[in-house]
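Note sheet for the following structure.
In what follows, chains carry the letters A, B, and so on, assigned in the order in which the sequence lines appear, proteins first and then strands, with residues in each chain numbered from 1.
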Protein chains: 2
Amino acid sequence: MLEFAILGLLHERPMHGYELRKELSTVCGGLRAFSYGSLYPALRRMKDSGLIAVDDTVAASKLLPADASAFTGKRGKVVYKLTADGKERFAEWVAETGPDAYDDERFGVHLAFFSHTACDVRLRILEGRRRKVEEQREGLATALARTRERLDRYTLELHQHGLDSVNREVRWLSELIDTERADQARDPAPGPRP
Amino acid sequence: MLEFAILGLLHERPMHGYELRKELSTVCGGLRAFSYGSLYPALRRMKDSGLIAVDDTVAASKLLPADASAFTGKRGKVVYKLTADGKERFAEWVAETGPDAYDDERFGVHLAFFSHTACDVRLRILEGRRRKVEEQREGLATALARTRERLDRYTLELHQHGLDSVNREVRWLSELIDTERADQARDPAPGPRP
DNA sequence: TTCGTCATGTAATGGGTTACATGATTAC
DNA sequence: GTAATCATGTAACCCATTACATGACGAA
């Protein structure tokens, strides 16, 4: 999850760890603030596996080159950029529409990078998510129906609020699906939309 | 978290693991379905530390006593009940109103067991949660204001839907707080309300 | 010159999941 | 008798967190 969010963000521009974390928590509405304890190790792993690389083209840089630390023991900013491999991996991930793609977190990340996603994939993901949320709704509704009288008013409130939220999400998704379909009908070209 | 949910559920009646899991996923609206891989080890830990105990008073039981497995290698249902220690621990936890009590999951569990919670504590938790959600809202709103024009329509939608959800939660909490205060004004006796 | 915030990292830990292994009970 | 579901458990793993350690840089 973290890794894909990083790939997605680096798609826009090269960034260093601290910057990535801020973007993660603010720019991408649904995405949470990962801690440095997971962010930096992730960056390292991704660098080692070739998905990202240190960007030393930072113009007129006062920044220490990443390797300088080996000599000086000092650390400078380390700006990362996507590699070809990283782009490819992200494209693969973005096109995945398996059942996992519809759980809360993954769906949020998917949506956050929908501008890098093909029309048909977008539609499939939105519909899959809607189906999943609808199933959740049914589960909640029947559970509520079966246990309504045994429940104290707080649990009842909790259930009811949950049900309302789920209903709102379904409506929201339906709207997104509608406009998506309308767009596709108007301009049936596939591929990402900027 | 799991442990407290278990304590809370056992407060109602003795149950075995499988049963607990179902209750966890259905009866308690917000609570998620924990896997057996976390549930059974938790039960064991709790038994070992004396918070719960095997309930062998299950009437006219066809169930194997828990120890029989030592002889036969067979396993029967294991029904657990709260011990005095367990009740005490749960009461302590239920009264905790530190900042952790307001994050999503913990708040849900707290609310699910509000009928075991003192009035004043209920109010403090509801208000704390509201404050936290309001802060979240401010964060989201300012992030949105600062980055609105850089964002594609999907991210914008995500933000907007998040903001709406948060707003609804604040309103919901405010209603709960109001009725809670009204109740308290009518009948200022402290202690749990059934 | 010191304080806040930017910036990078590691080690220990936590709290869960998945996959697996086993067996009892019920309904058909 | 066999399939579904009830029921208990373990081992390996995953993905994150907290707490800690370090240091650069700009502003008061």
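Without hydrogens or angle criteria, A:Arg21 side chain to A:Tyr36 main chain gives no donor-acceptor distance under 3.5 Å. In this structure, the side chain of A:His159 engages the main chain of A:Thr155 through a donor-acceptor pair within 3.5 Å. Between the B:Thr83 side chain and the B:Gly50 main chain, a donor and an acceptor come within less than 3.5 Å of each other. With hydrogens and angles disregarded, a donor-acceptor distance shorter than 3.5 Å links the side chain of A:Tyr102 to the backbone of A:Thr97.
Look at CG on B:Asp100: it is 15 Å from C1' on C:dG15, rounded to the nearest Å. Protein atom CD of B:Glu19 is 15 Å distant from nucleotide atom C1' of C:dT25, rounded to whole Å. For the pair A:Lys77 NZ and C:dG9 P, the interatomic distance rounds to 14 Å; values are reported in whole Å. A:Lys47 places its NZ atom 13 Å from the P atom of C:dT8, with the value rounded to the nearest Å. Atoms OH (B:Tyr18) and C1' (D:dA4) sit 10 Å apart, rounded to a whole Å. When rounded to the nearest whole Å, the span between CZ of A:Arg44 and C1' of C:dT8 equals 12 Å. As a whole-Å value, the separation of A:Met15 CE from C:dC6 C1' is 16 Å. Computed from coordinates, the A:Tyr40 OH to D:dA19 C1' distance equals 16 Å when rounded to whole Å.
Dashed line: the shortest gap from a side-chain N or O of B:Arg21 to OP1 or OP2 of D:dT8 is not under 4.0 Å.
Side-chain proximity of B:Pro41 to the nucleotides D:dT10, C:dA7, D:dT8 is greatest for D:dT10.
Looking only at side-chain heavy atoms (C-beta outward), B:Glu19 and B:Val79 stay at 4.5 Å or farther from each other.
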N/O-N/O pairs, protein side and nucleotides 13-17 of chain D side, under 3.5 Å:
from	atom 1	to	atom 2	distance (Å)
D:dA16	O3'	A:Arg32	NH2	3.0
D:dT17	OP2	A:Ser35	N	2.9
D:dT17	OP2	A:Ser35	OG	2.7
D:dT17	OP2	A:Ser38	OG	2.7

Check the pair B:Glu3 / B:Arg45 against side-chain contact (heavy atoms from CB on, under 4.5 Å), numbers first and verdict last. CA-CA 9 Å; B:Glu3 304 209 356; B:Arg45 277 198 310 274; 3.1 Å; yes

